[in-house]
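Have a look at the structure below before the remarks.
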Number of protein chains: 2
Amino acid sequence: MALTIGDLGKATGTKVETIRYYERIGLLPQPSRTAGNYRAYGEAELGRLSFVRRARDLGFSLDQVRALLKLSDDRSQDCARVDRIASEHLREVDRKLADLSALRRELKAVIDSCNGGTVADCRVIEALGPASQG
Amino acid sequence: MALTIGDLGKATGTKVETIRYYERIGLLPQPSRTAGNYRAYGEAELGRLSFVRRARDLGFSLDQVRALLKLSDDRSQDCARVDRIASEHLREVDRKLADLSALRRELKAVIDSCNGGTVADCRVIEALGPASQG
DNA sequence: ATAGGGGCTGTAGCAGCTACAGGGTCAAGA
DNA sequence: TCTTGACCCTGTAGCTGCTACAGCCCCTAT
């Protein structure tokens, strides 16, 4: 019935080392141990790790995940605090998207300017050079 | 005429520690030194660091920058190799953009589902939970 | 002479893992 | 029963790309 760390990893798509890492930094509680000192997990731990994985997949930082876990542990708390964390994360994602697409535009322009001679005439190298800072 | 490391940093918008770091990892050559063991930079180094900065701003990894620098040093090389590095980077950027906007969509959906009760009814927490994996 | 603002080296820290080394444990097969 | 091999354990070091010290030296101005 109890899951080994390997089982838990397979069930959640998490590497064993990562699970131990999460435990070490206090994101996951220390599980009980078998006689042979193996970690033994149950449904609760599976749920918690799934939560962590899902939040990580949505791009939350480990600190944010920690905060979300804490909030989710106290079911009577105001949902607004959860919303605040998520919304701030969304704003950050939007910032990253904007930055990345600006970068993409610029990179594309540099690449497109290349007409394929030697490096001496290469627009990519030239675009990176000090003379073309502006 | 020679620039100190601080001058070079100001001229390129790079922190002094970062310049020393680039030197340590071999991205910048070791500059000559003054009698008092200060690094002394000239125009060449300024150009090289500007190149690095610009490439970094375009999201190239340090390894990619290293490769680009090597290519740009040999002006007779085929431009195609430069293009290949840049194009691969572009593809990577496109992948990241796609991932990030998928993530954004999902995150937005989770947030929008919140109607603001307690955590017990919070859709955000629920969406993160193990029951909603699919 | 001294105070400050730089410079120098070397090392440790950040996120978020990942990858060992060097051992112990456990179930299955010969 | 013994042994093989897959798994588990701890602890530590590595990855990217910096950043931030500590503890020192140098140079200029007053």
Side-chain angles (χ1 to χ4, degrees), chain A residues 1-28 30-42 45 49 51-69 85 88-89 92-93 96 99-100 103, chain B residues 1-28 30-42 45 49 51-69 89 92-93 96 99-100 103:
Chain A
M1 190 63 269
L3 302 163
T4 66
I5 194 169
D7 297 336
L8 188 63
K10 260 165 223 148
T12 60
T14 314
K15 295 208 167 136
V16 165
E17 287 93 340
T18 304
I19 299 177
R20 284 197 284 248
Y21 169 71
Y22 285 166
E23 180 185 326
R24 202 161 58 242
I25 65 169
L27 210 58
L28 299 179
Q30 302 205 325
S32 55
R33 299 287 183 125
T34 66
N37 200 30
Y38 283 22
R39 287 170 180 81
Y41 298 99
E45 282 95 345
L49 181 52
F51 185 103
V52 171
R53 288 297 326 217
R54 181 116 176 82
R56 292 290 298 136
D57 284 350
L58 286 172
F60 287 98
S61 73
L62 290 181
D63 266 3
Q64 287 172 323
V65 174
R66 212 189 301 269
L68 289 173
L69 276 172
I85 294 174
E88 172 157 348
H89 177 45
E92 215 173 294
V93 168
K96 272 186 195 166
D99 286 356
L100 201 54
L103 184 159
Chain B
M1 190 62 272
L3 302 163
T4 67
I5 195 169
D7 296 337
L8 188 63
K10 259 166 226 146
T12 59
T14 313
K15 296 209 166 136
V16 165
E17 286 94 341
T18 305
I19 299 177
R20 285 197 284 248
Y21 170 70
Y22 286 165
E23 181 185 325
R24 201 160 60 241
I25 65 170
L27 210 58
L28 299 179
Q30 303 204 326
S32 55
R33 301 286 184 128
T34 67
N37 201 32
Y38 283 22
R39 286 168 180 82
Y41 298 99
E45 282 95 344
L49 181 52
F51 185 104
V52 171
R53 289 295 328 217
R54 180 115 176 85
R56 291 290 300 135
D57 284 350
L58 285 172
F60 288 98
S61 73
L62 290 181
D63 265 2
Q64 287 173 323
V65 174
R66 213 189 300 268
L68 289 173
L69 277 171
H89 177 44
E92 215 173 295
V93 168
K96 272 188 195 162
D99 286 356
L100 201 55
L103 184 160

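Here is how names work: the chains are called A, B, and so on, in the same order as the sequence lines, proteins then strands, and each is numbered from 1.
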Heavy atoms of other groups near A:E92 CD, more than 12 under 6.0 Å | yes
Do the side chain of [X] and the main chain of [Y] share a donor and acceptor less than 3.5 angstrom apart?
| X | Y | value |
| --- | --- | --- |
| A:E88 | A:I85 | no |
| B:D7 | B:T4 | yes |
| B:H89 | B:Q64 | no |

Step by step, work out the side-chain contact (heavy atoms from CB on, under 4.5 Å) result for A:K96 and B:K96.
-> CA-CA 10 Å; A:K96 272 186 195 166; B:K96 272 188 195 162; over 6 Å; no
Can you figure out which of [options] approaches the side chain of [X] most closely?
| X | options | answer |
| --- | --- | --- |
| A:R39 | D:dC9, D:dT19, C:dT9 | D:dC9 |
| A:N37 | C:dT11, D:dC9, D:dG17 | D:dC9 |
| A:T18 | C:dT18, D:dT19, D:dT10 | C:dT18 |
| B:R33 | D:dC8, C:dT9, D:dC18 | C:dT9 |

So what does B:I25 hit on the nucleic acid, given a heavy-atom distance under 4.0 Å: a base, only sugar-phosphate, or nothing?
-> nothing
Indicate, with a heavy-atom threshold strictly under 4.0 Å, whether A:T34 touches base, sugar-phosphate, or nothing.
->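 A:T34: no heavy atom of the nucleic acid under 4.0 Å.
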Atom [atom1] of [X] to atom [atom2] of [N]: distance rounded to whole Å?
| X | N | atom1 | atom2 | answer |
| --- | --- | --- | --- | --- |
| A:Y21 | D:dA13 | OH | P | 17 Å |
| A:K15 | D:dC8 | NZ | C1' | 18 Å |
| B:L3 | C:dG6 | CG | P | 16 Å |
| A:R24 | C:dA15 | CZ | C1' | 13 Å |
| B:I19 | D:dG17 | CD1 | P | 17 Å |
| A:R20 | C:dA21 | CZ | C1' | 13 Å |

Taking for each residue the nucleotide of DNA chain C bearing the nearest heavy atom, is the 5' side occupied by B:E17 or by A:Y22?
-> B:E17
Ignoring hydrogens and angles, does a donor from either the side chain of B:Y38 or the base of D:dC26 sit under 3.5 Å from an acceptor on the other?
-> yes
